[in-house]
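One structure is given here, and the rest of the page talks about it.
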Amino acid sequence: MSFIDYRETIKEGDTAIVFLGHESMFPVKVQHGGKTQTKYGVIRHSTDLIGKRYGSKVTCSKGGWVYILHPTPELWTLNLPHRTQILYSTDISLITMMLELKPGSVVCESGTGSGSLSHAIIRTIAPTGHLYTVEFHQQRAEKAIEEFEEHKVGHLVTVKNQDVCKNGFGITHLADAVFLDIPSPWEAIGHAKSALKREGGRICSFSPCIEQVQRTCLALEEHGFAECNTLEILLRVYNVRTISLPLPDLGKGTGGNARGESDQGSPSDQGASSAGLQQGNAQFKSGVPPREMVGHTGYLTFATKSLF
Ligand SMILES: C[S@@+](CC[C@H](N)C(=O)[O-])C[C@H]1O[C@@H](n2cnc3c(N)ncnc32)[C@H](O)[C@@H]1O
């Protein structure tokens, strides 16, 4: 298993996702002799996981079952241990596209935070690209290095424990793209410019507040960035439900005038007909949005460093 390629079978040392349902899953480090508790009972790694195919249905000790899934950056984002606020896949998908990331891209990022975005970037730029990620909080930087090694993507990423606003990204004219998720991104724009290739590249800054966006846009302009554009992306999900609606009482027969039809029938006919219609329901499947949806996460400001 690795976060950048797919393997059929579960092996010792893998990070697998135990899937109990869409709202209930967690990661597990697979180890010989290891045991994992679920509400359906124990999973024994040596017998229930190692050697089994990813996607298998595993029966737990109390008779209930779970699925064991191959990890992906999207599943990791939903299951990772939070050390900070993180970016979710809706924002990440727009960032990936607008930064034009692809296999071979060289990317700078700060801060690393919990590594949610980092895993997605690494998957996109593998096998020949590289991520330079900067995190000034020492424990977070160390934990990120540990996780990248554990997920077998350490060779694709360099973690630097420094202040990006003071010391930059540690590379010069090498990056195709720069991403910022820090409280004062405007202080890092100059460093971003020198990290980007001479021939140019893309930059994105994520900020929750519009005042941060304003200062970042001014800094981008001062440093000669072009095509400055601020976007927000909102996701609306739908649940598929069977809807049951009562049919209107239109009187006897179909499409008739209620008063006219009932006038022609006997009193007993009228009673049966209207009772039948009142009890009638129309059933159909429909996509229904939940009452609440995820609102604002942050503004995404994109710009281009161009030759001219
Ligand atoms: C919101 S978190 C980033 C989350 C990350 N994008 C993710 O998806 O997991 C912001 C991180 O930036 C770090 N940070 C803030 N200012 C920084 C700076 N000037 N230099 C380096 N890291 C910084 C913080 O320590 C924090 O870990």
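This chain uses plain numbering: 1 for the first residue, then up along the sequence. Ligands are counted one by one from 1 in listed order, and the atoms in each one are counted from 1 as well. No hydrogens, no waters, no symmetry mates; every other heavy atom, side chains included, goes into these values.
Per-residue contacts place Thr112 under 4.0 angstrom from the following atoms of ligand 1 (heavy atoms of the residue considered): 5 (C), 7 (C), 9 (O). Near Leu117, meaning under 4.0 Å from one of its heavy atoms, ligand 1 places the atoms 7 (C), 8 (O). The Gly113 neighbourhood of ligand 1 comprises atoms 3 (C), 4 (C), 27 (O), with distances under 4.0 Å to a heavy atom of that residue. Within ligand 1, the atoms closer than 4.0 Å to a non-hydrogen atom of Cys165 are 19 (N), numbered from 1 in the order shown. Interface atoms of ligand 1 facing Pro183, defined by a heavy-atom separation under 4.0 Å, are 15 (C), 16 (N). Close approach of ligand 1 to Thr84 is summarised as follows: ligand atoms under 4.0 Å from at least one heavy atom of the residue are 2 (S), 4 (C), 26 (C), 27 (O). Here is the list of ligand 1 atoms found below 4.0 Å of a heavy atom in Ser114: 9 (O). Atoms of ligand 1 lying under 4.0 Å from any heavy atom of Gln85, numbered from 1 in the order shown and given with element: 1 (C), 2 (S), 4 (C).
Distance check, rounded to the nearest 0.5 Å: CD of Gln31 to NE2 of His45 gives 7.5 Å. Taking OG1 of Thr158 as the reference point, atom OH of Tyr132 lies at 5.0 Å (rounded to 0.5 Å). Taking CG of Asp48 as the start and NZ of Lys35 as the end, the distance is 11.0 Å to the nearest 0.5 Å.
Distances shorter than 4.0 angstrom do not occur between any heavy atom of Leu80 and any atom of ligand 1. Proximity of Gln162 to ligand 1 is established by a heavy-atom distance of less than 4.0 Å.
Among protein heavy atoms, the minimum distance from atom 26 (C) of ligand 1 is reached at Arg140 NH1, 3.3 Å. Taking atom 10 (C) of ligand 1 as the reference point, the nearest protein heavy-atom neighbour is Asp181 O, 3.3 Å. The protein non-hydrogen atom at the shortest distance from atom 19 (N) of ligand 1 is Asp163 OD1, 2.8 Å. Closest to atom 22 (N) of ligand 1 among all protein heavy atoms lies Phe136 N, 3.2 Å. Among all non-hydrogen protein atoms, the one lying nearest atom 20 (N) of ligand 1 is Val164 N, 3.0 Å. Atom 12 (O) of ligand 1 has Gly111 CA, 3.4 Å as its closest protein atom, hydrogens excluded (heavy atom only).
Ile95 places none of its side-chain heavy atoms less than 4.5 Å from the side chain of Ile121. At least one side-chain heavy atom of Ser116 sits under 4.5 Å from a side-chain heavy atom of Ile92.
Checking only distances, Ser116 does come within under 3.5 Å of ligand 1, N or O to N or O. The shortest N or O to N or O distance between Glu109 and ligand 1 is not under 3.5 Å. An N or O contact shorter than 3.5 Å links Gly115 to ligand 1 by distance.
The local environment of NE2 in His22 is sparse, with at most 12 non-hydrogen atoms from other residues, nucleotides or ligands closer than 6.0 Å. Counted within 6.0 Å of CD on Gln85, heavy atoms from surrounding residues, nucleotides or ligands total 12 or fewer; the atom is thus considered open. Taking a 6.0 Å sphere around CD of Glu232, one finds it holds more than 12 heavy atoms contributed by other residues, nucleotides or ligands.
By the criterion of a heavy-atom distance under 4.0 Å, neither the backbone nor the side chain of Ser184 is placed next to ligand 1. Proximity of Glu135 to ligand 1, defined as any heavy-atom pair under 4.0 Å, is shared by backbone and side chain alike.
Under the 30°/60° scheme for interplanar angles, the aromatic rings of Phe148 and His119 are found to be tilted. Between Trp76 and His151, the ring planes lie perpendicular to each other; the angle is over 60°, past the 30° to 60° tilted range. Using cut-offs of 30° and 60° on the angle between ring planes, the pair His296 and Tyr299 is tilted.
With salt bridges taken as basic N to acidic carboxylate O contacts below 4.0 Å, none links Glu135 and Lys143. Using a 4.0 Å cut-off between a side-chain N of Lys or Arg and a carboxylate O of Asp or Glu, Lys197 and Asp176 qualify as a salt bridge.
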